[in-house]
Undergrad: 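Sharing a structure here in structure tokens format.
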Amino acid sequence: MASVDTIRVYNTMSGAKQPLAPLTPGKVKVYVCGPTVYSFVHIGNARTFTSFDVVVRYLRYRGFEVKYVRNYTDVDDKIINAARVVGEWGGAGQTLSVEADGTAKWGDQSFKWTTDGHQLSLISDGTVRAEAPIDVGADTLTLQSAVLKRTSPEIDAISHAARFVREFEQDARALHLLEPDVSPKVSDTIPEIVEIIQRLISREVAYASKGDVYFQVSRYPQYARLSKRKLDDLKAGARVEPQDAKREPLDFALWKAAKPGEPSWDSPWGKGRPGWHIECSAMSNKFLGETFDLHGGGLDLIFPHHENEIAQSEAASGAELCKCWMHGGFLDLEGAKMSKSLGNVVRLRDALARVDAEALRYFFLSTHYRAPLAFTDQSLADAEARLEYFYETLRRANERPAAGGKPSAETEKWLQQLEQTMDDDFNFAGALGALSGLFGEMNQLLDSKDKGKANAALGGLRDSVKKISSVLGLFEDDPAAWLLRRRDRLVQQRGIDVSKIDALITARNDARKAKDFKRADEVRGELKALGIEIMDTPTGTSWKVAADQPAK
RNA sequence: GGCGCCAUAGCCAAGUGGUAAGGCAAGGGUCUGCAAAACCCUCAUUCCCCGGUUCGAAUCCGGGUGGCGCCUCCA
């Protein structure tokens, strides 16, 4: 094992890379902000989770014992709001059907929807088509001046959240995300949350007011040092809702008094539920202690989520929350960050139906985790084509006798390059460069005339690829199976008639046997016109779907 | 308005003081009955523009221009 004190990580707090230097040598404690489970996760979430998945995998590859915690926020305004509108709403002779998956139907029109708890917005083609104010107490919606009453039983927020925890788990498996060591939920952490809030009150940085509890930002002078904001600037933009029981505009809720129909728990301040940020303070403290090594999340969590987390945790414990703050860059869709309020969001599940999971991972790894990444059909198609190259190479390598063996000097060089580049703040794109070198070498060996020598070298190379595979979460499938599955998917997407292809290939091979090459080439042309490429190999003729158009 | 990030070939993208990784596309070649795949070669005297520091800058500093993000829920 190479020296492991060379890993450097960019810390948002300092704005610079720093040595990893774990609190306990050889062990790394990682906390990643997981999904708020109000609906299906989108590909932007998926990118962030994949980034930290690779970070954890790499640290383990480097010999660290990693404790990886990624939470589920299953108690939250967005969940409550979503659960409240999901279901059937009737009136005016029409039915509004609001589905948990984020789609809605009004008559024969289809929409995506969002809600802020006060109104339901129906969106199509990125434009809000209708807004329906919600009358919570009366359980009615007003859509285009028609008053709609709920006609299906309301889903409670907790089971709505539980469903999307399961959906997330399914997506995570499909994306080959490692299971974290602990995946805590807010609903399982209420006592710890209450306890930390009590401590904040006793330290006089928090106060109870009308059943709510607020963190008093002015009592925590170090506030906003992660986002590097000036308190005066924040005050200028702070919102004060009339019903708020806050002392000062910047104060934020640790505990919210229960409103009718909301999930709630008993507390010293009456029935209520945690505010948005406190759960991460409680969960990280419960499973990783007062101070841990790495805290990850998307760029957009810096303010206010992580800022508030720091304030709560550090005010409560008096200790530094974490040594290094890592933030993943956004995934851009059509030149802009995906915006839920406009409904231009691609769900991970939909993306996985179109493109191979490992191709999606490869795409996520094609640039540095902190840089923006544009989600386009072309880049996805490129990723899948590249993955096909890797798998084709591995398939060929698998046909050789499985001879163990030491990695060649050449292989060692590529491995070293991969480690060097990953050591420098997990440079994914750099790692992919080293990967290309490795596969180039493998193909050279596979093409080599000196089979004995090649097979010996191939053994060591294959082991090296396997190691890298575990780091990147790529090439986890059987190569032949992957290639076949991809072909099947393309066949289905393009509506290709396989029996026709088989017949044409047979016809061509008959022609070839008869040395009628003119006819054989004609058949090749016919197949080409169908979007099929054929390969003559020593073991027969195989075919694939030409990748001449982006995967749709 | 406040704060911050980014700008490298036709496209995607590494590189943060020592003379431009890698991928796609393109052109040439090897192999092949012909192809495909694979492999080899070629493909940025130059890193948005203008100044400055330095023996030396894509990399540091100053000033522009262009794009994006956060400041409200967001991965």
Side-chain angles (χ1 to χ4, degrees), chain A residues 12 15 17 32-36 38 41-52 76-78 81 114-117 224 227-230 232-234 236-239 276 296-305 307 327-332 335-341 345 348 362-363 366-368 370-374 376 378-379 381-383 385-386 388-389 392-393 395-396 417 421 424 427-437 439-448 508 512 515-518 520-522 524-525 527-528 532-537 541-544 546:
Chain A
T12 306
K17 292 175 193 172
V32 173
C33 284
T36 299
Y38 60 96
V41 292
H42 58 69
I43 49 174
N45 300 296
R47 181 199 180 186
T48 300
F49 296 135
T50 303
S51 294
F52 290 107
D76 179 82
D77 286 347
K78 292 170 72 139
N81 293 340
T114 63
T115 179
D116 61 0
S227 56
K228 294 159 190 69
R229 295 212 160 83
K230 295 188 188 83
D232 288 341
D233 295 337
L234 287 173
R239 282 187 177 181
W276 174 33
L299 212 52
D300 47 355
L301 293 183
I302 293 175
F303 187 91
H305 184 61
E307 206 67 79
H327 291 99
F330 291 129
L331 194 64
D332 293 339
K337 181 191 162 188
M338 287 188 292
S339 159
K340 275 177 211 114
S341 54
V345 178
L348 173 57
Y362 185 90
F363 162 67
S366 64
T367 188
H368 192 274
R370 283 189 281 115
L373 175 62
T376 64
Q378 189 56 53
S379 54
D382 288 351
R386 193 66 186 148
E388 184 184 25
Y389 164 82
E392 187 59 48
T393 304
R395 188 194 59 73
R396 286 214 291 157
Q417 191 188 103
T421 192
D424 184 11
N427 186 342
F428 298 161
L432 259 28
L435 196 65
S436 288
F439 275 80
E441 190 198 344
M442 191 178 277
N443 274 122
Q444 278 174 45
L445 289 168
L446 288 165
D447 284 349
S448 161
R508 175 170 168 275
R512 288 174 74 212
K515 300 266 190 237
D516 183 359
F517 293 123
K518 186 163 172 277
D521 287 349
E522 273 172 23
R524 176 189 289 285
L527 284 160
K528 186 104 189 165
I532 301 299
E533 279 172 1
I534 51 177
M535 287 82 68
D536 294 324
T537 74
T541 300
S542 64
W543 60 275
K544 66 171 197 169

Undergrad: Please report the distance, rounded to the nearest Å, between CZ in F330(A) and P in rC5(B).
TA: 15 Å

Undergrad: Can you check whether Q444(A)'s main-chain N or O pairs, donor with acceptor, with S448(A)'s side chain at less than 3.5 Å?
TA: no

Undergrad: For rG15(B), take OP1 and OP2 only and decide whether either is under 4.0 Å from a side-chain N or O of N427(A).
TA: yes

Undergrad: Could you work out which one of rU16(B), rA14(B), rC39(B) sits closest to the side chain of D424(A)?
TA: rU16(B)

Undergrad: Please give the distance between the C1' atoms of rU8(B) and rC47(B) as a whole number of Å.
TA: 4 Å

Undergrad: Would you give the length of the straight line joining atom OG1 of T376(A) to atom CG of D382(A), rounded to the nearest 0.5 angstrom?
TA: 7.5 Å

Undergrad: Does T50(A) reach the main-chain N or O of A46(A) with its side chain, forming a donor-acceptor pair under 3.5 Å?
TA: yes

Undergrad: Looking at side-chain heavy atoms only, is the closest gap between N45(A) and L348(A) below 4.5 Å?
TA: no

Undergrad: Rounded to whole Å, how long is the line connecting atom NE2 of H368(A) with atom P of rC68(B)?
TA: 23 Å

Undergrad: Just the rounded figure in Å: distance from P of rG2(B) to CG of L234(A).
TA: 14 Å

Undergrad: How close or far is atom P of rA38(B) from atom CZ of R396(A), stated in whole angstroms?
TA: 8 Å

Undergrad: Any base atoms under 4.0 Å from H327(A), or only sugar-phosphate, or nothing? Heavy atoms, all strands.
TA: nothing

Undergrad: Mind checking who rA26(B) pairs with, Watson-Crick or G-U wobble, both distances under 3.5 Å?
TA: rU42(B)

Undergrad: What's the spacing between L527(A) CG and T541(A) OG1 if we round to 0.5 Å?
TA: 10.0 Å

Undergrad: Identify which nucleotide among rC40(B), rA75(B), rA38(B) has an atom closest to any side-chain atom of Y38(A), counting heavy atoms from C-beta outward.
TA: rA75(B)

Undergrad: Side-chain N or O of N45(A) versus OP1/OP2 of rA75(B): is the shortest distance under 4.0 Å?
TA: yes

Undergrad: Taking the side chain as every heavy atom from C-beta outward, state whether Y38(A) and N81(A) have any atom pair closer than 4.5 Å.
TA: no

Undergrad: Both L373(A) and G44(A) contact RNA chain B. Taking the nearest nucleotide for each, which residue is further toward the 5' end?
TA: L373(A)

Undergrad: Looking at rC31(B), which nucleotide sits across from it as a Watson-Crick or G-U wobble partner, both distances under 3.5 angstrom, or is there none?
TA: none

Undergrad: If the C1' atom of rU53(B) is compared with that of rC6(B), how far apart are they to the nearest Å?
TA: 24 Å

Undergrad: Could you tell me the separation between the OG1 atom of T393(A) and the CD atom of E388(A), rounded to the nearest 0.5 Å?
TA: 10.0 Å

Undergrad: Checking R229(A) against F303(A): charged group under 6.0 Å from the ring centre and within 45 degrees of the axis?
TA: yes

Undergrad: Please tabulate the protein-to-nucleotide N/O contacts below 3.5 Å involving nucleotides 29-33 of chain B, giving atom names and distances.
TA:
from	atom 1	to	atom 2	distance (Å)
rG33(B)	O6	R508(A)	NH2	2.9
rG33(B)	O6	R512(A)	NE	3.1
rG33(B)	N1	D521(A)	OD1	3.1
rG33(B)	N2	F517(A)	O	3.4
rG33(B)	N2	D521(A)	OD1	2.8
rG33(B)	N2	D521(A)	OD2	2.5

Undergrad: Would I302(A) and K228(A) satisfy side chain to side chain contact (heavy atoms under 4.5 Å, CB included), going step by step from the backbone distance to the final call?
TA: CA-CA 10 Å; I302(A) 293 175; K228(A) 294 159 190 69; over 6 Å; no

Undergrad: Nearest to the side chain of Q444(A), heavy atoms from C-beta on, is which of rA14(B), rA38(B), rC40(B)?
TA: rC40(B)

Undergrad: Base, sugar-phosphate, or nothing for T367(A), non-hydrogen atoms under 4.0 angstrom?
TA: sugar-phosphate

Undergrad: Donor-acceptor pair, distance only, cut-off 3.5 Å: does the side chain of R47(A) make one with the backbone of G329(A)?
TA: yes

Undergrad: Using a cut-off of 4.0 Å on non-hydrogen atoms, how would the nucleic acid contact of L331(A) be classed: base, sugar-phosphate, or nothing?
TA: base

Undergrad: Between rA38(B), rA37(B), rA75(B), which one does the side chain of T48(A) approach most closely?
TA: rA75(B)

Undergrad: Between rG1(B) atom P and K230(A) atom NZ, what is the distance in whole Å?
TA: 15 Å

Undergrad: Tell me what G329(A) touches on the nucleic acid: a base, only sugar-phosphate, or nothing, going by heavy atoms under 4.0 Å.
TA: base

Undergrad: Is there a Watson-Crick or G-U wobble partner for rA13(B) with both distances under 3.5 Å, and which nucleotide is it?
TA: none

Undergrad: Determine the contact category for I534(A): base if any of its heavy atoms lies under 4.0 Å from a base atom, sugar-phosphate if only primed atoms, P, OP1 or OP2 are that close, otherwise nothing.
TA: base

Undergrad: Name the residue closer to the 5' end of RNA chain B, choosing between R370(A) and M535(A) according to the nucleotide with the nearest heavy atom.
TA: R370(A)

Undergrad: To the nearest Å, give me how far apart CD (Q378(A)) and C1' (rC24(B)) are.
TA: 8 Å

Undergrad: How far, in whole Å, is rA58(B) from rG15(B) if one measures between their C1' atoms?
TA: 9 Å

Undergrad: Between atom CG in N443(A) and atom P in rA38(B), what is the gap in whole Å?
TA: 7 Å

Undergrad: Between rC49(B) and rC41(B), how far apart are the two C1' atoms, rounded to whole Å?
TA: 36 Å

Undergrad: Distances under 3.5 Å between protein N/O atoms and the N/O atoms of nucleotides 18-23 of chain B, please, pair by pair.
TA:
from	atom 1	to	atom 2	distance (Å)
rG22(B)	O2'	S436(A)	OG	2.9
rG23(B)	O3'	R386(A)	NH1	3.2

Undergrad: If pairing requires Watson-Crick or G-U wobble contacts with both distances under 3.5 Å, which nucleotide is the partner of rG51(B)?
TA: rC61(B)

Undergrad: With under 30° as parallel and over 60° as perpendicular, where do the rings of F428(A) and H368(A) fit, or are they tilted in between?
TA: parallel

Undergrad: For the pair E307(A) (side chain) and A224(A) (backbone), establish whether a donor and an acceptor sit closer than 3.5 Å, ignoring hydrogens and angles.
TA: yes

Undergrad: Take atom P in rC60(B) and the same atom in rA75(B), then report the distance between them in whole Å.
TA: 33 Å

Undergrad: What distance, rounded to whole Å, do you find between the two P atoms, one in rC55(B) and one in rG63(B)?
TA: 24 Å

Undergrad: The side chain of H42(A) lies closest to which of these nucleotides: rC70(B), rA75(B), rC39(B)?
TA: rA75(B)

Undergrad: Is the phosphate of rC71(B), meaning OP1 or OP2, less than 4.0 Å from a side-chain N or O of S227(A)?
TA: no

Undergrad: Would you say that R396(A) contacts T537(A) through its side chain, given a criterion of any heavy-atom pair below 4.5 Å between the two side chains?
TA: no

Undergrad: Where the side chain of R229(A) is defined as all heavy atoms beyond and including C-beta, which of rC70(B), rG15(B), rA38(B) is the nearest nucleotide?
TA: rC70(B)

Undergrad: Rounding to an integer number of angstrom, what distance separates rG22(B) and rC43(B) when you compare their C1' atoms?
TA: 15 Å

Undergrad: What integer number of Å spans the C1' atoms of rG23(B) and rG18(B)?
TA: 27 Å

Undergrad: Starting from P on rC70(B), measure out to CZ on F303(A) and report it in whole angstrom.
TA: 13 Å

Undergrad: Which base sits across from rG4(B) as a Watson-Crick or G-U pair, both distances under 3.5 Å?
TA: rC68(B)

